[in-house]
There are 2 protein chains.
Amino acid sequence: MSTAQETTGGEVEPWEQVTPDAARRLLVAAVEAFAERGYHATTTRDIAGRAGMSPAALYIHYKTKEELLHRISRIGHDRALDILRTAARAEGSPSERLAEAVRSFVRWHAGRRTTARVVQYELDALGPDARAEILALRRQVDAEVRGIVEEGVAAGDFDVPDVQGSTLAILSLCIDVARWFNVEGPRTPDEVGALYADLVLRMVGAAPATP
Amino acid sequence: MSTAQETTGGEVEPWEQVTPDAARRLLVAAVEAFAERGYHATTTRDIAGRAGMSPAALYIHYKTKEELLHRISRIGHDRALDILRTAARAEGSPSERLAEAVRSFVRWHAGRRTTARVVQYELDALGPDARAEILALRRQVDAEVRGIVEEGVAAGDFDVPDVQGSTLAILSLCIDVARWFNVEGPRTPDEVGALYADLVLRMVGAAPATP
DNA sequence: GCCGAAGGTGAGCGCTCGCTTAGTGTGCCG
DNA sequence: CGGCACACTAAGCGAGCGCTCACCTTCGGC
């Protein structure tokens, strides 16, 4: 679905799909500013300044400040969904696919923390229409994870009394990484991903992956 | 430490300690407004209006809008720490104490969602000094949970390869409840608390509590 | 070499923000 | 009953906000 090409590690700067160049620079500047200070505390002058442009230039490429947030949120959710879909539809047992889903999802939230933070925590700043569009994507995100859990239960690999509750908890655990992860901290995104994959397998009552 | 009296259920409206009455009404109004729209999107006129007062009245009781957030954050963190301390220092095995800590901590984040949301997500809006004070409280929160986990490992009840990482994950899971919990949703705070206590015991490799 | 489109700027409009100030009503003390 | 401390309001200040507008460059096509 996404036209951005995958790299070997599965990590992409997804902003390449945004053209022209000036529009992309503004978008990246907005992601940084929103992640640092929050949407409402960020000024259009700050965004334009970070992109090396005058405040008025922003409005050549975007109708409003909210449209910037909408575009960021849309692209980010598309990417997050893409990551989960790739893991969910890979080959392997439900345990392996759930572990890989958590691993790559967490890696994205830690490694692309600024983007993830905006995507996950600034939803309320969107208007009703944009908000509804994003919420639909979130339901698809939920469905992907729930699908793996259900398959694991059906196969007898998982022991999960409350599938929807556990799915919610798994996603919640992964998403909150964007809140606390610190690039200067002791853990790399890969390490957090591995730790979390193990914890999630325990949560669903599967034997820890020992490949 | 806290002067607010406990009720039977352990749930307290902690604002009773705030006097005079007008100052408390303003504080409660600010909690609601900050939780709904976020700190930066909330105006002092909105807070005063919710409390049934003129905008100027706010400044009789609080020096700035930020002082309101500081007071809320302080009281909320005190309460959260109190909840965890009570559970950590109760009688019982590490499994029982960890389950009770998670149960009551989650119950607070769900049941007092508006307060918890402000407390957990608006930290960055505080100035450096207030921020440092709150971060010190958060380290104590972390230490309480880590203490229980360490005792469980020492007693051979838990199987935890990375104590600090698992502690972080447990707290992260609980805190994120404030983000997604919906009062109109299908689960009560008690139900989420019970579900999460079970999930956390699985995460630390303890047998599920079967009382 | 001229032209229009595309992409940019400097100045600034109208508005709302956090916060202040001068003045008002109320109740308690002597 | 006079006086005064206190809690509060009406009005508004200076600043900074999102956004607009008139104008300026640059550049490919004919």
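Quantities reported herein were computed from a predicted structural model and do not represent experimental measurements. Lettering of chains follows the sequences in order, A, B, ..., and the numbering in each one begins at 1.
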Y121(A): partners by ring pair (Phe, Tyr, Trp, His ring centres under 6.0 Å), with sequence neighbours left out: Y121(B)
Which residues share a side chain to side chain contact (heavy atoms under 4.5 Å, CB included) with R45(A), sequence neighbours left out: T43(A), P55(A)
Residues that H61(B) engages under side-chain hydrogen bond (donor to acceptor under 3.5 Å, both in side chains), provided they are two or more places apart: none
Any residue meeting side chain to side chain contact (heavy atoms under 4.5 Å, CB included) with D124(A), in chain and number order, not counting sequence neighbours: R131(A), R117(B)
Within residues 65-74 of chain B: residues closer than 4.0 Å to DNA chain D (heavy atoms): none
Separation of dC17(C) P from Y39(B) OH (nearest whole Å): 14 Å
Pairing residues for H40(B) by the side-chain hydrogen bond (donor to acceptor under 3.5 Å, both in side chains) criterion, not counting sequence neighbours: none
Non-neighbouring partners of A57(B) that pass side chain to side chain contact (heavy atoms under 4.5 Å, CB included), sequence neighbours left out: M53(B), S54(B)
Covered region of DNA chain D, 5' end to 3' end, by chain A [heavy atoms, under 4.0 Å]: dC17(D) to dC21(D)
Rounded interatomic separation in angstrom, taking CG from D46(B) and P from dG18(C): 10 Å
Side chain to side chain contact (heavy atoms under 4.5 Å, CB included) partners of A30(B), counting only residues at least two apart: F34(B), I47(B), L68(B), I72(B)
Salt-bridge present (D162(A), R187(B); N to O < 4.0 Å): yes
Residue list, salt bridge (charged side-chain N to carboxylate O under 4.0 Å, His left out) with E150(B), at least two apart or on another chain: R146(B)
Quick test: give all pairs of protein nitrogen or oxygen and nucleotides 7-11 of chain C nitrogen or oxygen below 3.5 Å, distance rounded to 0.1 Å.
{"from": "dG8(C)", "atom 1": "OP2", "to": "H61(A)", "atom 2": "NE2", "distance (Å)": "2.7"}
{"from": "dT9(C)", "atom 1": "OP2", "to": "S54(A)", "atom 2": "N", "distance (Å)": "3.0"}
{"from": "dT9(C)", "atom 1": "OP2", "to": "S54(A)", "atom 2": "OG", "distance (Å)": "2.8"}

Salt bridge (charged side-chain N to carboxylate O under 4.0 Å, His left out) partners for E66(A), two or more places apart: none
